[in-house]
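Since the structure comes first, as structure tokens, the remarks are kept for the end.
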Amino acid sequence: MKKLLSLMLALVMVFGLTACGSPGEKKPDKTEAPEKTEAPAAEKETPAAKEEKDEKAEDDKSASSDSDVIKIGVFEPFTGAAASGGELTYEGIELAYAEVPEILGKKIELVKVDNKSDQVEASNAAQRLVDKDKVNAVIGSYGSSNSMAGGPVFQEAKVPAVGCSPTNPMVTKGNPYYFRVCFIDPFQGSVMANFAINQLGAKTAATVKDISSDYSVGLVKNFVDAFKAANGDDSIVSEASYKTGDQDFTSQLNNVKQANPDVIFCPGNYGECALMIKQARDLDIDAPMLGGDTWESPDFIKIGGENINKEVYFSSHFTSEKPLNDVSEAFLKTYKDKFNKDANAFAALGYDAYMVVIDAIKRADSADPQAIRDALAETKNFIGATGTISLDAEGDAVKSAVINQVKDNAFVYLQTIEPESK
């Protein structure tokens, strides 16, 4: 009996120790964090999300580390139909940057984006400048359509932009963040209409416009308005159209030929227009052919060949044959020394656009985009390579125009036309 009781007592003690845990084992602490486990698949960070987060972190890091840098965006076409204009403009920007690489004790960084001569790409390029690159101001663009595509982006971000050569009035109209250092199409159109009437004795005219280009459409309208005002509603005897990228203009030119105009006004990209002039002369169309500032490109002469020398005239912003002031003379010499060729209007406008931005930063004593914008709006009597620049209430420069003729495979200066006093 005693043995049985001893056995039962031993069993009770064993079960008691097992239930309470071994003497060296630590009891779970309810205040301790539970053991970490892997997140469910749905909650894992995707590669795309991680890339976006890393890119944002890099952008934030760049923005904070570059506080001693002033970023100026260069918003130009470096590929596509208007690439030559973008490259020529950038040459002038480069010269200006070499002269003034820093201001307010801060280094200036040029941020180039290619708007690819395309309106959708231009909008995307503008968005990149303000979102990713976080620029303080923008220079560009060659081509009114490109500028008009980027304009709403700059306005929404409140980043000021200064156009070099976009001449359509809608570039700056209603946009207090867009300015330009060139004249606008109402002036350019009337200059060419008056030249046709007064210098070439034209009583009738035909027009050929690029309906995919705001520049071409607007400039033709302004030419037609001025020409009709002088010669009557019936003085425009033929109106034809095409689209950027077209190569064959035979159909349009045959219609123009039947109308037998005294002059043909056909502003557009230098590439298409050079082909059009070449084809017109091959069709024995002898009427003088007139255009706008986009024709001032070496490629215009190269594409047009010998036919480009036959009564071809265009308006422009500047001539290397007639320096306007000391800044013009210095610019012409520096440009010649660096590029071993005479300066063109687009390089001069690129130079001036950069210097106008620098002047605004200096007067604002700030790199803040809003402060720069406010200073730009007050720009008066700034002496640039293309003349004296004062910006009006719309942000437009009131400037003189020059008329050039293509002769012996070169651009020859004919005359300067001053704007009417307001």
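On a predicted model such as this, the values are computed, not experimentally measured, just so you know.
- Gln405 places no side-chain N or O within donor-acceptor distance of the main-chain N or O of Leu414, the cut-off being under 3.5 Å.
- Formation of a donor-acceptor pair under 3.5 Å by the Ser390 side chain with backbone atoms of Lys380 is not found in this model.
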Q | Residues Asp365, Lys362; criterion side chain to side chain contact (heavy atoms under 4.5 Å, CB included); working and verdict | A | CA-CA 5 Å; Asp365 194 26; Lys362 183 177 180 180; over 6 Å; no
Q: Step by step, work out the side chain to side chain contact (heavy atoms under 4.5 Å, CB included) result for Val100 and Met355.
A: CA-CA 8 Å; Val100 188; Met355 289 303 192; 3.9 Å; yes
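- At least one side-chain heavy atom of Lys336 sits under 4.5 Å from a side-chain heavy atom of Asp342.
- Between the OG1 atom in Thr167 and the CG atom in Asp185 there is a gap of 3.5 Å [rounded to 0.5 Å].
- Counting non-hydrogen atoms of other residues, nucleotides and ligands closer than 6.0 Å to CD of Glu156 gives a total of 12 or fewer.
- Residues Lys106 and Val69 fail the side-chain proximity criterion, which asks for heavy atoms closer than 4.5 Å.
- Lys158 contributes atom NZ, which lies 11.0 Å from atom CG of Asp368 (distance to the nearest 0.5 angstrom).
- With rounding to the nearest 0.5 angstrom, the CZ atom of Phe75 is 13.0 Å from the CD1 atom of Ile139.
- Side chain to side chain, Glu311 and Tyr313 meet the donor-acceptor criterion of an N or O pair below 3.5 Å.
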Q: Let me see the working for Leu88 and Glu91 under side chain to side chain contact (heavy atoms under 4.5 Å, CB included), right down to the final yes or no.
A: CA-CA 5 Å; Leu88 292 173; Glu91 290 176 351; 4.0 Å; yes
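- Environment of CG in Asp234: sparse, with no more than 12 heavy atoms of neighbouring residues, nucleotides or ligands closer than 6.0 Å.
- Tyr178 places a side-chain heavy atom less than 4.5 Å from the side chain of Ser147.
- A distance of 6.0 Å or more separates the ring centres of Phe154 and Tyr177.
- Asp133 places no side-chain N or O within donor-acceptor distance of the main-chain N or O of Val135, the cut-off being under 3.5 Å.
- Taking OG of Ser238 as the reference point, atom CG of Asn260 lies at 11.0 Å (rounded to 0.5 Å).
- Within the 3.5 Å criterion, the main-chain N or O of Asp214 finds a donor-acceptor partner in the side chain of Ser145.
- For the residue pair Glu94/Tyr351, the side-chain donor-acceptor check at 3.5 Å is not satisfied.
- Phe411 has its ring centre less than 6.0 Å from the ring centre of Phe314.
- The closest side-chain donor-acceptor pair between Asn254 and Ser251, if any, does not fall under 3.5 angstrom.
- Judged purely by distance below 3.5 Å, without hydrogens or angles, the side chains of Ser315 and Gln188 pair a donor atom with an acceptor atom.
- Enclosure of atom CG in Asp337 by more than 12 non-hydrogen atoms of other residues, nucleotides or ligands within 6.0 angstrom is indicated.
- One N or O on the side chain of Asp352 and one on the backbone of Ala385 form a donor-acceptor pair closer than 3.5 Å.
- Under a 4.0 Å N-O distance rule, the pair Asp299/Lys302 qualifies as a salt bridge.
- Counting heavy atoms from C-beta outward, Val256 and Pro261 have side chains that approach closer than 4.5 Å.
- Looking at Tyr215 and Asn146, their side chains never bring a donor and an acceptor atom within 3.5 Å of each other.
- Remark: Lys112 qualifies as a cation-pi partner of Tyr90 under the 6.0 Å distance and 45° angle criteria applied to the six-membered ring.
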Q: Apply the test side chain to side chain contact (heavy atoms under 4.5 Å, CB included) to residues Asn344 and Tyr335: give CA-CA distance (whole Å), side-chain angles for both, the deciding distance (0.1 Å), then the verdict.
A: CA-CA 9 Å; Asn344 57 82; Tyr335 185 93; 3.2 Å; yes
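- Side-chain contact check for Lys257 versus Asp284: some heavy-atom pair is nearer than 4.5 Å.
- Remark: the backbone N or O of Gln247 is paired with a side-chain donor or acceptor of Gln279 at under 3.5 angstrom.
- The backbone N or O of Asp131 sits less than 3.5 Å from a side-chain atom of Lys134, completing a donor-acceptor pair.
- We find the OG-CZ distance between Ser84 and Phe78 to be 12.0 Å, quoted to the nearest 0.5 Å.
- Atom CG of Leu376 and atom CZ of Arg180 lie 14.0 Å apart (nearest 0.5 Å).
- Looking at Asn409 and Asn309, their side chains do bring a donor and an acceptor atom within 3.5 Å of each other.
- The aromatic ring centres of Phe300 and Trp295 sit less than 6.0 Å apart.
- A donor-acceptor contact shorter than 3.5 Å is absent between the side chain of Thr204 and the backbone of Ser235.
- A side-chain donor-acceptor contact under 3.5 Å links Gln370 and Asp374.
- With sequence neighbours left out, the side chain to side chain donor-acceptor pair (under 3.5 Å) criterion links Lys209 to no other residue.
- Looking at heavy atoms from C-beta onward, Ile236 lies in side-chain contact with Lys228 at the 4.5 angstrom threshold.
- In this structure, a donor-acceptor pair under 3.5 Å is present between the side chains of Asp210 and Thr244.
- No more than 12 heavy-atom neighbours from other residues, nucleotides or ligands sit within 6.0 angstrom of NZ on Lys107.
- Under the 3.5 Å distance criterion, the side-chain polar atoms of Asp246 are matched with a main-chain donor or acceptor of Lys243.
- Shortest non-hydrogen contact noted between Ser117 and Pro77 is OG-CB, 3.4 Å.
- Here the side chains of Ile358 and Ile72 are in contact, with some heavy-atom distance below 4.5 Å.
- Shown here is Lys221, whose NZ atom has no more than 12 heavy atoms of other residues, nucleotides or ligands within 6.0 Å.
- Checking Lys399 against Thr386 by side-chain atom types alone, a donor-acceptor pair falls below 3.5 Å.
- Closest non-hydrogen pair, Val171 versus Met148, comes out as CG2-CG, 3.7 Å.
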